[in-house]
Amino acid sequence: QVQLVESGGGLVQAGGSLRLSCAASGLTFSNYALGWFRQAPGKEREFTAAVSRSGGPTYYADSVKGRFTISRDNAKSTVYLQMNSLKPEDTAVYYCAAVSRTSWLTAPTREHEYDYWGQGTQVTVSS
């Protein structure tokens, strides 16, 4: 049974930082590209960041580029999202997701591409 469990969310002031973690089990972690998505109140879930199986190529939504960093530790089966310079508009539930991929010709930015999802962790940024 595949499980993705997010942690690290919370309440932070604007300009602050948080690091989200997503621990995976039940799958061969290194065979999967990983992504982070987020869903703000009243909005659709949107792509945030993705990382390739090796941890080399990464891809970011324009709204977070330069502020967020996605990384992974295949030995720990964990993917991270370091979020700096947080803004109130970053407030959302953040989800990690995994997709089985053998190539990285284009980054997986669409929800339907992903095979597995976590339950989400709430991030609230106060102004």
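Index from 1, following the sequence.
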- Item | Minimum-distance pair of heavy atoms, taken over all atoms of P88 and A14 | CD-CB, 4.1 Å

- Which other residues belong to the hydrophobic cluster containing V2, where Ile, Leu, Val, Met, Phe, Trp and Tyr are joined when side-chain heavy atoms lie under 4.5 Å apart, directly or via other members? L4, V12, L18, L20, L27, F29, Y32, L34, W36, V51, Y60, V64, F68, I70, V79, L81, M83, L86, Y94, Y116, V123, V125

Can you tell me how far [atom2] of [Y] sits from [atom1] of [X], rounded to the nearest 0.5 angstrom?
X	Y	atom1	atom2	answer
S77	R72	OG	CZ	8.5 Å
T69	Y80	OG1	OH	14.0 Å
C22	Q119	SG	CD	11.0 Å

For [X] and [Y], indicate whether the former's side chain and the latter's backbone hold a donor-acceptor pair under 3.5 Å.
X	Y	result
T78	K76	yes
R38	A92	no
E6	C96	yes
N74	R53	yes
T121	G9	yes

- Task: Just grab all the side chain to side chain donor-acceptor pair (under 3.5 Å) pairs involving residues 13-31, residues at least two apart or on different chains.
- Result: S17-N84

- Message: Looking at K65 and D62, is any side-chain nitrogen of the basic one under 4.0 Å from a carboxylate oxygen of the acidic one?
- Response: yes

- Query: Take atom CD in Q39; do more than 12 heavy atoms of anything else shown fall under 6.0 Å from it?
  - Reply: yes

- Query: Within 45° of the six-membered ring axis of Y95 and under 6.0 Å from that ring's centre, is NZ or CZ of R45 located there?
  - Reply: yes

